Protein chains: 2
Amino acid sequence: MATSKGKKQLDQSTEEKIKAAARKVFHQKGYAATRTRDIAEESGINLALISYYFKSKENLYEIITLETVFKFMHNLAVVFHDESSSFDEKIEQLADRYIDFISKEPDIPLFILTAMRNNPVKFGDKIPLKTIVLESIFYQQFQEKLQEGNHADISPLQYLLNLVSLIIFPFVAKPVFQNITGTKDSQFHKMMQERKKLIPIWIKSMYSKP
Amino acid sequence: MATSKGKKQLDQSTEEKIKAAARKVFHQKGYAATRTRDIAEESGINLALISYYFKSKENLYEIITLETVFKFMHNLAVVFHDESSSFDEKIEQLADRYIDFISKEPDIPLFILTAMRNNPVKFGDKIPLKTIVLESIFYQQFQEKLQEGNHADISPLQYLLNLVSLIIFPFVAKPVFQNITGTKDSQFHKMMQERKKLIPIWIKSMYSKP
DNA sequence: AAATATTTTAATCATTTGATTAAAATATAA
DNA sequence: TTATATTTTAATCAAATGATTAAAATATTT
């Protein structure tokens, strides 16, 4: 089997070349709009190699999607389970990391959202999202905050939604936003950088007692 | 020509049947994953009628997309240009209207975001988004608020982003969110209804001086 | 070096898919 | 009613697309 141990440097390189190209094209155009020939061309390999190494387009897509979701969630896992940081520091970390991450990989949010919409069970079941979020130190610290009682009434789920919305949505809405406001890429980038500092402030004020 | 005046009730009905089916399938699966045969089947008409009435799949998609974006933006236009409501009331109106709208048409946000990502110029140029937002009474009232000076430093664009993010993103992230939290449809719906009241409060507190 | 295994290529298949066409059915006008 | 225009249908086309195959090229082992 090609994917087993018996392969040399060139072999792995080819397999990886295909994956890199597939990643790029799938992220940009989504599953249905991607042709296996696009991937072959993008990677500079022969069309038949895709079947040879990955059996089918769908299988390759599944591999890429799972890897992409894992990579995306990794930041979340790291921050949420950090024992040395406070609750507020975690908020700052999250904004900081994700704004940097998505700035570098702007197609990933829409790619993941679409994948999960089209196949919630398939991908949902293979990713330990519940564990990452609901059994995290972050979530623990959140409960403590609640009991201290120096916050406005908070639904933890609404809180989560707000945090994630403020971080991710601007990137997804970038084309619409730029069309409305005439904002150029450089300005947009500057705005996103500003949000690293602003989001933690906003979130805090949203939930501080009046 | 079929689309001109010379047609009777049955005719218009067929054309509208095709559009309704196309709307449904395009919204659900996007352009690339939609087959013209899907639309024919969904509408119960013959495949050839799609070409007969709309010339091509792409043309039909363009029509549906423009109509969808206009319908989506209509709420925005109405609220933003209302002369009788205050700034704060407009925020409440927006949350109220869009949460109801998207609850009924949950596929539209991702559909529009994807369409604008894939074809920013084509659709961007045909929709008077700039006028709706930047020349609105809402925007005017916003400037007045700024000059009153009883608000924290606000970038109008960041403000807009936050408002829209808090309203729309939870719907787009619904599959991911439900997977993580185990929230069922009815609970999710209840949460969104709560947000009608919460978002205006959050937004206000985000921008009130400390 | 010879034999064997692996990787890559070019050519080809079978389906799918968007679109067209010519004829049939139906409606409209004379 | 008859003639004309419009709408609908079934059949078909050509191109695109995912996948396969047999042979060629390259690497690995003996």
Side-chain angles (χ1 to χ4, degrees), chain A residues 1-65 114-115 118-119 122, chain B residues 1-65 114-115 118-119 122:
Chain A
M1 233 237 266
T3 45
S4 69
K5 55 199 155 60
K7 61 189 171 188
K8 40 236 114 72
Q9 63 277 40
L10 272 179
D11 184 8
Q12 209 225 18
S13 161
T14 298
E15 206 173 325
E16 198 44 55
K17 263 192 251 170
I18 295 174
K19 276 177 66 175
R23 196 156 26 235
K24 180 173 173 184
V25 183
F26 279 139
H27 285 181
Q28 264 176 23
K29 316 207 289 179
Y31 177 76
T34 296
R35 318 286 157 222
T36 50
R37 282 164 175 82
D38 297 338
I39 298 172
E41 196 180 349
E42 174 70 35
S43 60
I45 56 95
N46 187 285
L47 176 63
L49 292 178
I50 293 173
S51 304
Y52 179 72
Y53 281 106
F54 296 98
K55 183 179 164 63
S56 71
K57 176 190 171 186
E58 195 179 330
N59 182 239
L60 177 54
Y61 171 74
E62 200 174 315
I63 291 170
I64 295 296
T65 303
T114 304
N118 291 343
N119 235 315
K122 187 183 212 168
Chain B
M1 230 236 265
T3 48
S4 69
K5 57 196 152 66
K7 60 189 170 187
K8 42 238 117 67
Q9 63 278 41
L10 273 178
D11 186 7
Q12 210 223 20
S13 163
T14 299
E15 204 173 326
E16 197 45 56
K17 263 193 251 170
I18 295 174
K19 277 177 67 175
R23 196 157 26 235
K24 180 173 174 184
V25 184
F26 279 140
H27 286 181
Q28 264 176 23
K29 316 208 290 180
Y31 177 76
T34 295
R35 317 286 157 222
T36 51
R37 282 164 175 84
D38 297 337
I39 298 173
E41 195 179 350
E42 174 70 34
S43 60
I45 55 96
N46 188 284
L47 176 63
L49 292 178
I50 293 173
S51 303
Y52 179 71
Y53 282 105
F54 296 99
K55 185 179 163 65
S56 71
K57 176 190 171 186
E58 195 179 331
N59 183 239
L60 177 55
Y61 171 74
E62 200 174 316
I63 291 170
I64 295 297
T65 303
T114 306
N118 291 343
N119 235 315
K122 187 183 213 170

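Each chain gets a letter, A, B and so on, in the order the sequences are listed, and its residues count up from 1. Please read these numbers as outputs of a predicted model, since none were measured by experiment.
Residue Arg35(A) places its side chain closer to dT17(D) than to any other of dT9(C), dT17(D), dT9(D). Side-chain proximity of Asn46(A) to dA19(C), dA10(C), dT8(D): nearest is dA10(C). Picking from dT8(C), dA10(D), dT8(D) the nucleotide with the shortest atom distance to the side chain of Ala48(B) gives dA10(D).
Side-chain contact between Arg37(A) and Leu47(A) is present, with at least one heavy-atom pair separated by less than 4.5 Å.
The aromatic rings of Tyr31(B) and Phe26(B) sit parallel to each other, their planes meeting at less than 30°, with 60° as the upper class boundary.
Between Arg23(A) and Glu16(A), at least one side-chain nitrogen of the basic residue sits less than 4.0 Å from a carboxylate oxygen of the acidic one, meeting the salt-bridge criterion. Of the charged side-chain nitrogens involved, none lies within less than 4.0 Å of a carboxylate oxygen, so that Arg35(B) and Glu41(B) do not count as a salt-bridged pair.
Applying the 4.0 Å criterion to OP1 and OP2 of dT8(C), one finds that Tyr52(A) has every side-chain N and O outside that range. Regarding contacts with the backbone of dG18(D), every side-chain N or O of Ser51(A) stays at 4.0 angstrom or more from both OP1 and OP2. The phosphate of dT8(C) has OP1 or OP2 within less than 4.0 Å of a side-chain N or O from Tyr53(A). Proximity of Thr36(B) to the phosphate of dT17(C): no side-chain N or O atom is located under 4.0 Å from OP1 or OP2.
Among the atoms of the strands shown, none is found under 4.0 Å from any heavy atom of Ile50(A).
What separates CD of Glu41(A) from P of dA16(D) is a distance of 13 Å, to the nearest Å.
One N or O donor and one acceptor, one from the side chain of Arg37(B) and one from the base of dG18(C), sit under 3.5 Å apart.
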